[in-house]
Amino acid sequence: MTFNTAFKHVYAEKLAPYGFQKIKGRRPYLVRMVGDEILQAVSYADAGTSVRPYKDFNVVWGVATVYRPKINLETNPRYENWMKNYVWDASGHVTFQYRDDSPLKPGIHYSVGGNDVDMMEELARSAEAVIQNALPRMDQVKTLDDCMEILGSDAAYVYDLGFEYECDEKEGMLNYKLYTLEEFTARKKKTVDSVEARYKERRTQIMNEQVAIFRKFTEDERYHQKVLEEMERRKAANQEILRGYGLKV
């Protein structure tokens with residue numbers, strides 16, 4: 001059994017009681033919906049530190065909303081910015097390790113002293129770490145406001161709709177749903193106030209550009225309607241994508 005297959009098997013069993021399910025397709029995402037707007041996902045990424053005969057991996061989790069340009073669960077979680085939260089074990093480590101003797105050749109010296117457990121045992125341990133250390137945090141993500149906190153910079157910026165690239169996976173449209181112009185401006189001002197003096201000029205320029213885009217949303221009726229239509233289009237399209245993965249939305 002490959003690690004990918006084993007991960008999906010173990011995690012589908014361990015996380016099912018918490019509402020997670022394995023998606024259709026080859027990528028190892030375990031996901032659950034919060035309402036019809038918020039997606040939560042758990043997966044793994046190669047740690048990049050493996051030394052034979054040991055294999056290292058990280059478990060990661062993240063949240064996404066239906067207001068991003070496109071929900072894509074066909075890519076490697078390692079390269080998805082929204083899957084950026086690491087799961088740590090009871091000792092505070094984020095790297096899990098098991099021993100794999102299958103590629104060993106006689107007469108060759110290999111590293112010793114690592115975590116001498118098999119793949120299934122370490123996968124089960126990592127799944128328990130998700131339940132103990134990551135699920136409590138995910139359980140707190142119930143609203144779009146909560147998502148904004150988790151997403152951070154991925155949802156911090158608004159983009160002029162006429163210049164937004166389709167490949168841009170940011171979630172800036174959440175700002176339109178959550179804040180007034182005054183609230184958005186106040187949030188941007190905090191980012192200016194928080195940086196060193198040498199960065200304030202550039203940060204102020206960015207703030208002014210951001211506020212101008214948001215002001216356009218509030219004052220230009222045609223643009224306002226265009227943004228609302230785009231949000232609804234994204235919501236419908238992403239919900240259809242999620243149904244394709246086997247989710248009930």
Side-chain angles (χ1 to χ4, degrees), residues 19-27 29-43 61-77 79-85 138 141-185 187-188 206-249:
F20 285 84
Q21 68 181 76
K22 176 170 61 74
I23 65 167
K24 297 177 181 178
R26 62 190 183 90
R27 291 297 183 182
Y29 287 94
L30 281 296
V31 303
R32 71 179 180 184
M33 293 296 297
V34 180
D36 65 350
E37 295 179 309
I38 301 169
L39 174 74
Q40 298 184 351
V42 177
S43 192
W61 66 272
V63 300
T65 80
V66 294
Y67 300 107
R68 67 194 296 115
K70 183 180 180 181
I71 291 176
N72 184 3
L73 300 178
E74 302 294 338
T75 58
N76 188 330
Y79 304 113
E80 288 295 326
N81 288 335
W82 63 280
M83 292 290 293
K84 60 186 177 182
N85 304 287
M138 282 188 272
V141 182
K142 300 176 181 179
T143 67
L144 294 179
D145 277 300
D146 300 331
C147 288
M148 181 67 79
E149 180 182 347
I150 295 292
L151 290 164
S153 61
D154 280 354
Y157 297 96
V158 292
Y159 298 86
D160 192 305
L161 195 61
F163 296 94
E164 187 173 358
Y165 295 104
E166 282 301 317
C167 62
D168 188 347
E169 291 301 308
K170 306 299 184 182
E171 302 228 25
M173 281 195 172
L174 289 182
N175 290 282
Y176 297 131
K177 293 190 69 68
L178 297 176
Y179 309 123
T180 64
L181 175 60
E182 291 73 21
E183 290 168 337
F184 182 77
T185 302
R187 289 174 65 87
K188 289 303 172 185
I206 294 173
M207 179 190 74
N208 291 335
E209 292 170 351
Q210 287 285 290
V211 171
I213 294 173
F214 204 107
R215 187 181 301 277
K216 182 179 178 180
F217 171 72
T218 61
E219 296 181 354
D220 184 330
E221 183 57 36
R222 289 184 62 187
Y223 186 75
H224 181 90
Q225 187 61 33
K226 185 178 179 181
V227 170
L228 294 183
E229 290 172 356
E230 175 62 11
M231 282 194 283
E232 288 304 307
R233 185 200 67 78
R234 291 183 181 189
K235 182 177 181 179
N238 281 320
Q239 287 177 339
E240 188 61 29
I241 288 171
L242 292 171
R243 292 186 190 99
Y245 288 123
L247 293 173
K248 293 181 179 180
V249 182

Heavy-atom side-chain proximity of Val249 to Val66 below 4.5 angstrom: no
Within 6.0 Å of NZ in Lys142, more than 12 heavy atoms from elsewhere: no
Glu240 and Arg243 ion-paired at < 4.0 Å: yes
Between CG on residue Leu174 and CG on residue Leu144, distance to nearest 0.5 Å: 5.5 Å
Flag side-chain contact, heavy atom, 4.5 Å: Leu178 against Glu183: no
Min side-chain heavy-atom separation Asn238-Glu37 under 4.5 Å: no
Nearest heavy-atom neighbours spanning Ile213 and Asp160: CD1-N, 3.7 Å
Lys/Arg cation over aromatic Tyr157: Lys188, 6.0 Å, 45° cone: yes
Heavy-atom closest contact (Tyr29 atom, Thr75 atom, distance): OH-O, 3.0 Å
Test item: Val34 and Val141 side chains (from C-beta on) under 4.5 Å apart, heavy atoms: no
Separation of Asp220 CG from Lys226 NZ (nearest 0.5 Å): 10.0 Å
Side chain proximity check, Gln210 to Asn175, heavy atoms < 4.5 angstrom: no
Atom pair CD1/CG of Ile23 and Leu73 - distance to nearest 0.5 Å: 4.5 Å
Carboxylate-amine/guanidinium proximity below 4.0 Å for Asp154 and Arg68: no
Residue pair Thr65 / Trp82, side-chain heavy-atom distance below 4.5 Å: no
Over all atoms of both residues, closest heavy-atom pair of Gly19 and Arg32: O-CB, 3.1 Å
Check ion pair Arg234-Glu230 (N to O, under 4.0 angstrom): yes
N/O donor-acceptor pair under 3.5 Å between Thr143 side chain and Asp146 backbone: yes
Donor on one side chain, acceptor on other, Gln21 and Tyr245, under 3.5 Å: no
Interatomic spacing from CE in Met33 to CD in Gln40 - rounded to 0.5 Å: 9.5 Å
Sub-4.5 Å side-chain heavy-atom contact between Arg27 and Asn76: yes
Exercise: identify the closest heavy-atom pair between Val42 and Met83: C-CE, 4.1 Å
Asp36 to Gln239 - nearest heavy-atom pair and separation: O-NE2, 2.9 Å
Inter-residue atom distance Phe217.CZ - Phe184.CZ, 0.5 Å rounding: 11.5 Å
Parallel, tilted or perpendicular: ring planes of Phe214 versus Tyr176, cut at 30 and 60 degrees: tilted
Nearest-0.5 Å distance, CE of residue Met148 to CZ of residue Arg187: 5.5 Å
Note, Gln225 side chain near Leu228 side chain (heavy atom, < 4.5 Å): yes
CA sep, side-chain torsions, deciding dist, call: Met138, Asn85, side chain to side chain contact (heavy atoms under 4.5 Å, CB included): CA-CA 10 Å; Met138 282 188 272; Asn85 304 287; over 6 Å; no
side-chain hydrogen bond (donor to acceptor under 3.5 Å, both in side chains) between Tyr67 and Glu171, intermediate numbers included: CA-CA 6 Å; Tyr67 300 107; Glu171 302 228 25; over 6 Å; no
